[in-house]
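Hydrogens, waters and symmetry mates play no part in the numbers below; they use all other heavy atoms, side chains included. In what follows, chains are A, B, ... by sequence order, proteins preceding strands, each numbered from 1.
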Protein chains: 2
Amino acid sequence: MPADLAAAPLYREVKAALVASLAAGEWPAGEALPSEAKLAERFRVSIGTLRKAVDELVAERVLVRQQGRGTFVATHGPKRLLFHFFHVVRADGEKELPEPALVAFDRGRAEPHEAGRLAIAPGDRVFRIRNVLKLAGEPVVLDTIVLPQALFPDLTEKIFRDRDETIYGLYQTRYGINVVRAVERLTARLADRGTAKALGVAVGAPLLRIDRTALTYHDRPVELRTSLVNTAGHEYLADLGKGA
Amino acid sequence: MPADLAAAPLYREVKAALVASLAAGEWPAGEALPSEAKLAERFRVSIGTLRKAVDELVAERVLVRQQGRGTFVATHGPKRLLFHFFHVVRADGEKELPEPALVAFDRGRAEPHEAGRLAIAPGDRVFRIRNVLKLAGEPVVLDTIVLPQALFPDLTEKIFRDRDETIYGLYQTRYGINVVRAVERLTARLADRGTAKALGVAVGAPLLRIDRTALTYHDRPVELRTSLVNTAGHEYLADLGKGA
DNA sequence: AAGTGGTCTAGACCACCAT
DNA sequence: TGGTGGTCTAGACCACTTA
């Protein structure tokens, strides 16, 4: 009997099954998965094969292993934010946790270009949230977040403002939406009046613009974010070739 | 007998030994390494352990495996350039190979800030090379490359201009210098007169500035490159969370 | 057909954590 | 002490390339 033409290796099937369970919320954020021995039994594979599947999810930072304790769904704490989702650092290279201040929280409709990137229909309801991020007390980044209301049904300004965790942490713990990846597109722009005022720069000053699409399992988009960064004293740090 | 406090796993030692051999040029660019069975024998480890070491080097794109053929030192061809070291894409997302045009080739001395990043002494001899990169026939990027002369002893304008491969390919094949990683720092700047002319934009137009340090084995810096990008029709694409 | 990397398994032992 | 992940090994078999 000929082999399947596009037969995926067993460990990929196991990985896909794990991702399906994760996407279904079988193991909530921070929860321990069953032990590797039990998972291997459940999928009827050897422990080596199971480990290879988990290895890949650990490399993608979806899962976290802790020797002696178990394997966990990675949580969105300050460390993960700083190391993997916030690349603006001081010009001297020092990393610093941004301090967000809510500027506006509105409801609206998705523009066509937003709808395309969010995989929703133009005109669908969205939240528009605006934040100023301070670094060392100085406003450096102006963020505009666009969220499909369908994914965050009961979100309110109060909930957003009173969260005691990171923004992606809120998505994860309250809405079961786990951001696992993001794609960023960077361009240079000139500051308009509103932005100049918010960031304390001159109109026409050069700004770094970051257009981010945040994705959950299966590369489903869940958030759009535009960041305007004053790079007078900060820069965007990218590391190529480590596995990116 | 107590275990070593900071004992590295065997496969890490094997990996370090492989990197040492690579850095020493034991297997030149594009050459096949000995088979996994032979390498396992050489390091006196099981094939599984040897494979784990090679796995990591493959993930870092230092080595390339080809089933049925062997394991090779990764070469710097157009594909590797496009996928891992050149992140400027058209605004519609299409990737395109840049076409470089040499603008200037000079010898000079390292400025203090350059010396720091290149791990050489201020005043050491360097090459300064300026390129304009065209995309779809239009000038989009102005590159300034700084190279320590000590690492590229016989480099001349003619050699640089007449190469029939990528720039990193030239470093690799002619000088045995294999760029395996790069760190990029991005900021927004306004175009000065010279840059505006080279890129065909107005003085004061916003440009994306990329400061890259290219590294070889053991994170030794080998090249500094400053790119000024006209992001009117292009953008810098970064993928977070895939392993970056 | 011979040689290479790719997958899968089974089991032993170690290091770490909770109790 | 028992359970967890981490390492290392040995071997079988498969898929692919080259000649």
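- Near DNA chain D, meaning a heavy atom under 4.0 Å from it, residues 22-39 of chain B has no residue at all.
- Glu56(B) meets the salt bridge (Lys or Arg N to Asp or Glu O under 4.0 Å) test with Arg12(B), Lys15(B); sequence neighbours excluded.
- Annotation: side chain to side chain donor-acceptor pair (under 3.5 Å) contacts of Arg212(A) (sequence neighbours excluded): Tyr168(A), Glu184(A).
- Sorted by first then second residue, the ring-ring contact (aromatic ring centres under 6.0 Å, His included) pairs that include residues 10-53 of chain B, not counting sequence neighbours, number zero.
- Straight-line distance from the CZ atom of Arg51(B) to the C1' atom of dT4(C): 10 Å, rounded to whole Å.
- The salt bridge (charged side-chain N to carboxylate O under 4.0 Å, His left out) analysis of residues 169-182 of chain B, with sequence neighbours excluded, yields the pairs Asp239(A)-Arg181(B), Asp154(B)-Arg174(B), Arg181(B)-Asp219(B).
- With sequence neighbours left out, Thr156(B) forms a side chain to side chain donor-acceptor pair (under 3.5 Å) with no residue at all.
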Tabulated below should be each protein N or O lying under 3.5 Å from an N or O of nucleotides 10-12 of chain D; please produce it.
none

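- Here Arg90(A) pairs with Asp92(A), Glu96(A) under the salt bridge (Lys or Arg N to Asp or Glu O under 4.0 Å) rule; sequence neighbours left out.
- A close approach under 4.0 Å does occur between a side-chain nitrogen or oxygen of Thr49(A) and OP1 or OP2 of dT9(C).
- Between Glu41(A) atom CD and dT9(C) atom P the separation is 14 Å, expressed in whole Å.
- Partners of Asn178(B) according to the side chain to side chain donor-acceptor pair (under 3.5 Å) rule, which considers only residues two or more places apart in sequence or in another chain, are His76(B), Gln172(B), Tyr217(B).
- Of the residues in residues 63-75 of chain A, those lying under 4.0 Å from DNA chain C by heavy-atom distance are Gln67(A), Gly68(A), Arg69(A).
- Counting non-hydrogen atoms of neighbouring residues, nucleotides and ligands closer than 6.0 angstrom, the CZ atom of Arg220(A) reaches no more than 12 such neighbours.
- Between Tyr11(B) and the phosphate of dT7(D), there is a side-chain N or O to OP1/OP2 separation shorter than 4.0 Å.
- Going from atom NZ of Lys52(B) over to atom C1' of dG5(D) covers 11 Å, rounded to whole Å.
- Using a 4.0 Å cut-off between charged nitrogen and carboxylate oxygen, Glu36(A) and Lys52(A) do not count as a salt-bridge pair.
- Distance Leu50(A) CG to dT4(D) C1': 13 Å, rounded to the nearest Å.
- For Asp55(B) and dC8(D), the CG to P distance is 13 Å, given to the nearest whole Å.
- The separation between Phe43(A) atom CZ and dT9(C) atom P is 13 Å, rounded to whole Å.
- Listed by first and then second residue, the salt bridge (charged side-chain N to carboxylate O under 4.0 Å, His left out) pairs involving residues 73-85 of chain A amount to none (not counting sequence neighbours).
- In this view, Ser46(B) and Thr49(B) satisfy the side chain to side chain donor-acceptor pair (under 3.5 Å) rule, not counting sequence neighbours.
- Taking atom CZ of residue Arg44(B) and atom P of nucleotide dC8(D), one finds them 16 Å apart after rounding to whole Å.
- The distance between atom NZ of Lys15(A) and atom C1' of dT7(C), rounded to the nearest whole Å, is 16 Å.
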